[in-house]
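Values below: every heavy atom of this structure, side chains too, minus hydrogens, waters and symmetry copies.
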Amino acid sequence: QVQLVESGGGLVQTGGSLRLSCAASGRIVAINDMAWYRQAPGKQRELVAVISSGGSTNYAESVKGRFTISRDNAKNTVYLQMNSLKPEDTAVYLCSAHLRPRYLDYDSYWGQGTQVTVSS
């Protein structure tokens, strides 16, 4: 079975920083895109950042210049470095990966979500 395990969420003051991690485990042949989404109460789920297998990145306009997505392919892990945090960044952050398990075709997998709260 494939599992995505997230860590790094928590409570931080406005202007502070957090680094989220998400590690994919199981019999995985390859991982293409890895992404971070977020969803605040009463809001639509939003794509925050995505990184391809080759390292190309894209960001939501609201986080450009503040957040950085990266990956460690040897560890099957994606990171989200969040700096200059604002209260509007408060949300459940969800990790997603498009990957191929052993003996199966590509499919999307999701982490459990981790809460990020930015106090004002």
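Counting heavy atoms from C-beta outward, Leu11 and Ser119 have side chains that approach closer than 4.5 Å. Looking at heavy atoms from C-beta onward, Val5 lies in side-chain contact with Gln3 at the 4.5 angstrom threshold. A 4.5 Å side-chain heavy-atom check between Thr114 and Val92 finds every atom pair outside the cut-off. Counting heavy atoms from C-beta outward, Asn73 and Asn76 have side chains that stay 4.5 Å or more apart. With contacts defined as side-chain heavy-atom distances shorter than 4.5 Å, the pair Ile51/Trp36 does not qualify. Side-chain atoms of Val78 and Ile69, non-hydrogen and from C-beta on, do get closer than 4.5 Å to each other.
Considering every non-hydrogen atom in both Ala60 and Leu47, the closest pair reads CB-O, 3.4 Å. Residues Asp33 and Ser52 approach most closely at OD1-CA, 3.4 Å, considering heavy atoms. Between Pro101 and Asp105, the closest heavy-atom pair is CD-O, 3.6 Å.
Grouping the Ile, Leu, Val, Met, Phe, Trp and Tyr side chains by contacts below 4.5 angstrom, directly or via other members, places Tyr79 apart from Val50. Residues Leu94 and Val48 do not share a hydrophobic cluster, defined by chaining ILVMFWY side chains whose heavy atoms lie under 4.5 Å apart. If you chain together hydrophobic residues whose side chains sit under 4.5 Å apart, Val2 and Met34 fall into the same group.
Put simply, CE on Met82 and CZ on Phe67 are 5.5 Å apart, with the number rounded to the nearest 0.5 Å. Taking OG1 of Thr57 as the reference point, atom CZ of Arg71 lies at 11.5 Å (rounded to 0.5 Å). In this structure, OG1 on Thr68 lies 6.5 Å from CG on Asn83, to the nearest 0.5 angstrom.
In Gln112, the CD atom is crowded: over 12 heavy atoms of neighbouring residues, nucleotides or ligands sit closer than 6.0 Å.
Tyr93 places no side-chain N or O within 3.5 Å of a backbone atom of Gln39 that could act as its donor or acceptor partner. Between the side chain of Ser120 and the main chain of Pro87, no donor-acceptor pair closer than 3.5 Å is present. Counting only distance, with no hydrogens or angles, the side chain of Glu6 and the backbone of Cys95 share a donor-acceptor pair below 3.5 Å.
Listed by first and then second residue, the ring-ring contact (aromatic ring centres under 6.0 Å, His included) pairs involving residues 100-120 are Tyr37-Trp110, His98-Tyr106 (not counting sequence neighbours).
A side-chain N or O of Gln115 and one of Thr117 form a donor-acceptor pair less than 3.5 Å apart. When only modelled atom types and interatomic distance are considered, Thr77 and Asp72 share no side-chain donor-acceptor pair under 3.5 Å.
A salt bridge does not link Asp107 to Arg100: none of the charged side-chain nitrogens sits closer than 4.0 Å to a carboxylate oxygen.
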